[in-house]
Every structure is written in C-alpha cells, then in structure tokens.
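For reference, the structure discussed in these notes is given below.
None of the values given here were measured: they were computed from a predicted structure.
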Amino acid sequence: DAKTTQPNSMESNEEEPVHLPCNHSTISGTDYIHWYRQLPSQGPEYVIHGLTSNVNNRMASLAIAEDRKSSTLILHRATLRDAAVYYCILRANDYKLSFGAGTTVTVRA
Amino acid sequence: DAGVIQSPRHEVTEMGQEVTLRCKPISGHNSLFWYRQTMMRGLELLIYFNNNVPIDDSGMPEDRFSAKMPNASFSTLKIQPSEPRDSAVYFCASSQTGPHYEQYFGPGTRLTVT
C-alpha cells in the first residue's frame with residue numbers, strides 16, 4: 001500500500017482555520033485520497049475524499065497538490081467538537097482503508 | 001437510520017472464555033468490515049464481507065478468531081478461547097460496494113480479557 005506521512009499532532013484555537021498536511025509521494029494514478037477522523041471514544045467517521053481536484057463539503061475542504069504528492073485538509077473554523085485524530089488514507093480502486101497513526105488535533109477554547 | 005449497531009458496547013471476560021461480538025450494518029449496505037484497534041497496532045482490518053460472503057480474512061489473527069454473516073443484517077465476530085492480548089476495541093463498519101463509498105463505523109465494542 002502507498003504510504004502517507006502526517007504530523008503527530010497539531011493545535012488550533014477555536015474558530016480559527018486548521019490546515020492538516022499529508023504527504024503521499026508514492027501515490028499512484030488510481031489512488032484516491034480519503035480523510036477520516038476519530039473523535040474520542042467513537043468509531044472513525046468519513047470526512048472527505050478526492051482524486052485530483054480540490055473538494056469541498058459541509059465538514060471540510062481538501063486541497064490536492066498538482067503533482068498529487070501531498071494534500072491538505074482544511075477545517076475552516078475549528079470548534080471544540082473538531083478535536084480528534086485525523087487520518088489521511090490512500091485508497092486504491094478497492095475496499096481497503098489502511099489507517100496510519102494520524103494527526104491528533106487539539107482545539108483550544 | 002440508526003447507523004451501524006454493535007453489541008455489547010463493553011465486554012469483560014476471563015481468559016479462556018468464548019466471546020461473541022455482534023454487528024447490524026446499515027440497511028442497504030452490502031459490504032461489512034470488522035476492525036480491531038489497539039494502542040500498539042492502531043486500527044487493523046480483520047475481515048471483509050461482500051454480499052454476506054467473506055472476501056478477505058487475511059487480517060484475522062489466528063484460528064481462535066472467526067466471523068460469520070448469516071444474512072445481510074447481521075454479523076458476528078467470535079473469539080474462542082479468548083486471551084488477554086485480545087483486549088482491544090472492535091469496530092464494525094458497513095458501506096455500499098465500491099471504492100468511492102465511505103465506510104460507516106459503529107461505536108465499537110471494548111473487550112477486556114483478564
């Protein structure tokens with residue numbers, strides 16, 4: 001499986017944007033970039049995914065570099081409820097989600 | 001929809017006992033996944049079912065673990081006999097079939113084997 005690299009942790013202030021980077025230099029042309037997050041004591045939940053173009057949904061935005069070797073998840077206005085572990089996952093054209101260690105996001109009030 | 005339902009939410013058992021974890025996927029989803037999460041190994045896929053048929057069980061740790069999906073609305077993960085190293089949070093997830101569909105996770109079962 002192609003690997004991703006994320007910072008171990010990030011801190012943010014409430015109502016400020018959070019930019020979560022992810023490096024995936026060995027990404028293949030058919031790999032989709034998926035983001036999931038896991039709130040404390042809960043199962044992971046889907047956040048967003050994309051292939052080449054930037055994507056927006058109600059939860060976040062995903063900015064994908066032109067060479068696709070990196071991407072950034074953007075939480076536009078962090079709230080305390082956004083404190084979680086965020087996983088960046090490369091997903092080939094199949095069912096597998098391989099979770100790494102993720103980035104632990106702390107939001108300060 | 002109630003989402004993916006797992007039971008029990010917590011299970012404490014003694015080494016050597018049989019443990020059965022249960023999962024009800026979201027109606028209409030024909031892919032089902034069992035994951036295990038520990039501090040040491042993170043989230044690992046144990047087994048994947050599609051249309052009630054096990055497709056990939058390469059993540060099942062050993063013969064003590066077995067999983068079934070007798071119908072589209074129910075799956076079990078059984079550990080017999082259980083060992084302390086099986087202590088973990090076990091998640092069930094379901095999705096529609098296809099690589100672009102998100103997986104919906106249940107709340108998990110926290111298993112403690114003493």
_Quick check on L45(B) against chain A: is it the side chain, the backbone, both or neither that has a heavy atom closer than 4.5 Å?_
side chain
*Are M15(B) and F65(B) connected in the hydrophobic side-chain network, where two residues link if heavy atoms are under 4.5 Å apart?*
yes
With 3.5 angstrom as the limit, list the donor-acceptor pairs from chain B to chain A, or say none if there aren't any.
residue, atom, partner, partner atom, Å
Q37(B), OE1, Q38(A), NE2, 2.9
Q37(B), NE2, Q38(A), OE1, 3.0
D56(B), OD2, Y95(A), OH, 2.7
P99(B), O, R91(A), NE, 3.3
P99(B), O, R91(A), NH1, 3.3
Y101(B), O, R91(A), NH1, 3.0
Q103(B), N, Y36(A), OH, 2.9
Q103(B), NE2, Y95(A), O, 3.1

_L73(A) reachable from V107(A) in the ILVMFWY side-chain graph, under 4.5 Å edges_ = yes
_Transitive ILVMFWY side-chain link V47(A) to M10(A), under 4.5 Å_ = yes
*Are I89(A) and L75(A) joined in one hydrophobic group, where the rule is that I, L, V, M, F, W and Y side chains link up if heavy atoms are under 4.5 Å apart?*
no
*asked:* For L97(A), which atoms come within 4.5 Å of any heavy atom of chain B: side chain, backbone, both, or neither?
replied: both
_Joint hydrophobic cluster, V85(A) plus V105(A), side-chain heavy atoms closer than 4.5 Å_ = no
